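Note that this is a predicted model, so its numbers are computed, not measured. Note: hydrogens, waters and symmetry copies are ignored here, and every other heavy atom, side chains too, is used. All residue numbers in this chain count up from 1 along the given sequence.
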Amino acid sequence: MPNITLKGGVVKEFDAGTSVEQIAASLGAGLAKAACCARIDGEVVDIRAVIDRDCELDICTFDDADGKKAFWHTTSHVLAQAVKRLYPAAKFAIGPAIDNGFYYDFDVETPFTTEDLEKIEAEMKKIVKEKLEIERFSLPVAEALELMKDEPYKMELIQEHAGKGEAISFYRQGEFTDLCAGPHLRTTGGIKAIKLLSATGAYWRGSEQNKMLCRIYGTAYPKASQLEEYLTLLEEAKKRDHRRLGRELELFMMSEEGPGFPFFLPKGMIMKNLLLDYWRQLHKEAGYDEISTPIILNKNLWLRSGHWDHYKDNMYTTVIDDADFCVKPMNCPGGMLVYKSKMHSYKDLPLRMAELGLVHRHELSGALHGLMRVRNFTQDDAHIYMLPEQIKDEIKNVIQLIDKVYATFGFDFHIELSTRPEDFMGEIEQWDIATEALREAITELGRDYILNEGDGAFYGPKLDFHLQDCLGRTWQCGTIQLDFQMPERFELEYVGADNAKHRPVMIHRTVLGSIERFMGILIEQFAGALPLWIAPVQAMIIPIGDRQLDYAKDIAAKMEAAGFRVEVDGRNEKMGYKIREAQLAKIPYMIIIGEKEMEAGQIAVRTRKGVDMGAIAFDEFLKSAIMEVEQKTF
């Protein structure tokens, strides 16, 4: 009888061949009802899976990330079943779970409308009420192809597995059967609250060379209250959408002449440069030297680095003097050449070289999204060259730097450790050493991490830093990638204490990731009301009448001399109108100057939140504002 180690370390015996579903039922009816899937020794499995050996078992409910995926994946099948009932001619592509929901791609003659989505959603709710049992079964390739003979996209997926000799997995619910590896819920009845959100176009397999399909996005929850909470969150996200705020606050623009290539307006450049100034200050304090490498470099460099083999579909190319060149999608190969420009001693290491490099990557047009997904962006890169014994300390230093930056903006974050992918360079032994060094560095700092098996870069394992914003959304920004391969490929060397030549170990790392993307995150985090130190306009000075205009300009000059960015609104408009406009522009302070303030040598101050601070001495306000900027209060 297998010994099953359950949550909390409790060990229980069960008969061989007992299913996860049966184990859940033995532990409690509530758990059996809520179970979505399970993990056996860390591997995600269906709740129908049977256990015939000693193992660790985690039963996942909707509160678990894997449980959510199974729940949403099942709902995508309910969506497909509803579409099949209403639109029998539709052809089916794929329908995975994604963050906060699911989608399914359909090949239909006419794209789905809002009215169509309402009909489909109503049909999905009928399927849920039917409480259809969900059955898993497998077929040999030939039988699988026969079953899916009317579904060309499914047949393509099956044929890709034909040479692997594996049976093809299916799930059936009522009259609907779909090609799928699972896992799924036991029945359709557990999906209590469904909302279809939108329909959009999407290329089959993300390639512009393939047919455009119609993608339906949706979400679902076990309770109606959870769905309402999420929809409220979506409404708040719309209010904070950086694309809308970017236009309204005159920070950046996008143009049809450059899809995916952002244009920064004067106020946006102020914000961007302030962010870069802060970045440069921190890196100077942390012992980094700043470099700059060319945007276009010979193709041979990218062949040597391995990027051409692993990344060529995302690279822009050109021909110069009959030679092939590439527009850089990342900065590291140029950084290698800077290191190689002179011989280094072990006494020089660690050598920390930072670069704010403009990179270009060919993203699919359907994936472009404001500043969050663009085709050119500034990457706050750095490469650290070090001795093997310096690895852990350097990793710790980078983690602490990232922690400091995120704390400045009020972000919490979690760390993911990504290990060797299937497509990798180098020796497994080196990968194991690198992975263990990352693991030990996190552990010694007292940090928790999530293990992300097989998601490392092709040249080394990595730590990814996922920051969480005020709406609970996560964004992957910072990264630390430990690399033994690039120094080998580029034959990097240093002279050791033994007077012999050795290979340095290398770290690739970013803190903000993409400057543009980080700006988008900040705009949404603060709903456009940026902290005083990074706000493009920090104060609007508003004289009540023409008599106070000279005094207002004098106040403005004093603030500008102290390093503040201010404007004077001397227009012949009503005071309430000018104050309201400044609030809509998210300007932190409005300084109101009337006859009384002018005579007393004071100012009246209001905040963008509408707080009236009353009349105060100018010097007192200036001192307080200077402290707010220096402390980077948010």
task = Taking the six-membered ring for Trp and the full ring for Phe, Tyr or His, determine whether the centres of Tyr104 and Phe106 are under 6.0 Å apart.
result = yes
Between Glu516 and Lys272, does at least one N-O distance fall below 4.0 Å, as a salt bridge requires?
-> yes
(Q) For a side chain to side chain contact (heavy atoms under 4.5 Å, CB included) check, start with the C-alpha distance between Lys239 and Arg244, then their side-chain angles and the critical distance, and finish with the verdict. (A) CA-CA 8 Å; Lys239 295 176 187 175; Arg244 178 180 63 81; 4.2 Å; yes
For Gln209, I'd like to know if atom CD has over 12 heavy atoms of other residues, nucleotides or ligands within 6.0 Å.
no
Whether the side chain of Gln548 engages the backbone of Asp550 through a donor-acceptor N/O pair (distance < 3.5 Å, no angle test) should be reported.
no
- Would you find more than 12 non-hydrogen atoms of other residues, nucleotides or ligands less than 6.0 Å from Glu229 atom CD? no
- Query: Judged by modelled atom types alone, do Tyr87 and Asp116 share a side-chain donor-acceptor pair under 3.5 Å?
  - Reply: yes
Main-chain N/O of Leu364 paired to Arg373 side chain as donor or acceptor, under 3.5 Å: no
| query | Side chains of Val511 and Phe465: does their closest heavy-atom pair fall under 4.5 Å? | reply | no
> Quick one: does Tyr103's side chain get under 4.5 Å of Thr200's, heavy atoms only?
Replying inline: no
Rounded to the nearest 0.5 angstrom, the CE-CD1 distance for Met271 and Ile523 is 4.5 Å
Do the side chains of Thr633 and Leu532 get nearer than 4.5 Å, heavy atoms only?
no
Tightest non-hydrogen contact, residues Met486 and Asp483, listed as CG-OD2, 2.7 Å
* With the side chain counted from C-beta on, respond yes when Thr317 and Asp324 share a heavy-atom pair under 4.5 Å apart, and no when they do not. => no
query: Any ion pair linking Glu620 and Lys623 (charged N to carboxylate O, less than 4.0 Å)?
result: no
*asked:* Taking the side chain as everything from C-beta on, heavy atoms only, tell me whether Lys586 gets closer than 4.5 Å to Leu530.
replied: no
| said: Could you go through Leu584 and Glu248, starting from their C-alpha distance and side-chain angles, then the distance that decides it, and tell me whether this counts as side chain to side chain contact (heavy atoms under 4.5 Å, CB included)? | reply: CA-CA 9 Å; Leu584 289 173; Glu248 293 177 357; over 6 Å; no
The residue among Phe634, Trp475, Phe413 that forms ring-ring contact (aromatic ring centres under 6.0 Å, His included) with Tyr406 is Phe413
(message) Taking Arg243's backbone N and O only, do any of them form a donor-acceptor pair with Asp241's side chain (distance below 3.5 Å, no angle check)?
(response) yes
Tested for side-chain contact (heavy atoms from CB on, under 4.5 Å) against Ile579, the lone hit among Met540, Met590, Lys574 is Met590
> Is there a side-chain contact between Ile603 and Glu597, using heavy atoms and a 4.5 Å cut-off?
Replying inline: no
Quiz item: Side-chain contact, heavy-atom cut-off 4.5 Å: Ile402 with Arg509?
Solution: no
What is the ring orientation for Tyr589 with Phe621, classed by angle as parallel under 30°, tilted 30 to 60°, or perpendicular over 60°?
perpendicular
Heavy atoms of Cys477 and Thr510 approach each other most closely as O-OG1, 3.4 Å
Is the NZ or CZ atom of Lys312 positioned over Trp302's six-membered ring, under 6.0 angstrom from the centre and within 45° of the axis?
no
Would you call the rings of His383 and His508 parallel, tilted or perpendicular, where under 30° means parallel and over 60° means perpendicular? perpendicular
Expected output: side-chain Glu573 to main-chain Lys578 donor-acceptor under 3.5 Å: no
Please lay out, stage by stage, how Ile591 and Met559 fare under the test side chain to side chain contact (heavy atoms under 4.5 Å, CB included). CA-CA 11 Å; Ile591 297 174; Met559 290 193 71; 3.6 Å; yes
Atom NZ of Lys69: over 12 foreign heavy atoms under 6.0 Å:
no
Q.
Please check: side-chain N/O of Arg565 versus main-chain N/O of Ala535, any donor-acceptor pairing under 3.5 Å?
A. yes
Scanning both residues in full, the closest heavy-atom pair of Ile98 with Trp72 reads O-CE3, 3.6 Å
Ignoring hydrogens and angles, tell me if any N or O in the side chain of Thr318 forms a donor-acceptor pair with the backbone of Phe325 under 3.5 Å.
no
Smallest heavy-atom separation, Glu355 atom then Trp279 atom, equals N-CH2, 4.1 Å
His414 and Ile450 have their tightest heavy-atom pair at CD2-CD1, 3.6 Å
* Asked: Does Lys328 reach the main-chain N or O of Thr293 with its side chain, forming a donor-acceptor pair under 3.5 Å?
  -> yes
Taking everything shown except Lys632 itself, do over 12 heavy atoms lie less than 6.0 Å from its NZ?
yes
### Message
Is it the case that the side chain of Arg352 and the backbone of Tyr288 share a donor-acceptor pair, with hydrogens and angles ignored and the cut-off at 3.5 Å?
### Response
no
message = With a sphere of 6.0 Å drawn around NZ of Lys91, does it hold more than 12 non-hydrogen atoms of other residues, nucleotides or ligands?
response = yes
(Q) Could you tell me if the side chain of Gln379 sits less than 4.5 Å from the side chain of Arg361, heavy atoms only? (A) yes
Residues Ser365 and Arg375: closest non-hydrogen pair is N-NH2, 3.4 Å
Plane angle bin for Phe409 and Trp533 - parallel if under 30°, tilted between 30 and 60°, otherwise perpendicular = tilted
Looking at Asp412, is its backbone amide N or carbonyl O close enough to the side chain of Gln468 to form a donor-acceptor pair, meaning the two atoms are under 3.5 Å apart?
no
query: Are the side chain of Asp289 and the backbone N or O of Ile291 linked by a donor-acceptor pair below 3.5 Å?
result: no
Worksheet item: Where do Glu235 and Lys238 land on the salt bridge (charged side-chain N to carboxylate O under 4.0 Å, His left out) test, with the steps shown first?
Response: CA-CA 5 Å; Glu235 286 303 310; Lys238 287 179 184 177; 3.3 Å; yes
- Task: Kindly determine whether Tyr278 and Leu274 satisfy side chain to side chain contact (heavy atoms under 4.5 Å, CB included), including the steps that lead there.
- Result: CA-CA 6 Å; Tyr278 173 59; Leu274 287 165; over 6 Å; no
Problem set entry | Pair Tyr577-Glu581, side-chain donor/acceptor within less than 3.5 Å | yes
query = Just wondering, more than 12 heavy atoms not from Glu285 lying within 6.0 Å of its CD?
reply = yes
From the list Phe264, Phe377, Phe518, side-chain contact (heavy atoms from CB on, under 4.5 Å) partner of Leu371 resolves to Phe264
Quiz prompt | Exceeds 12 heavy-atom contacts within 6.0 angstrom, atom CG of Asp309 | solution = yes
- Around Arg547, counting heavy atoms of other residues, nucleotides and ligands shown, do more than 12 lie under 6.0 Å from its CZ? no
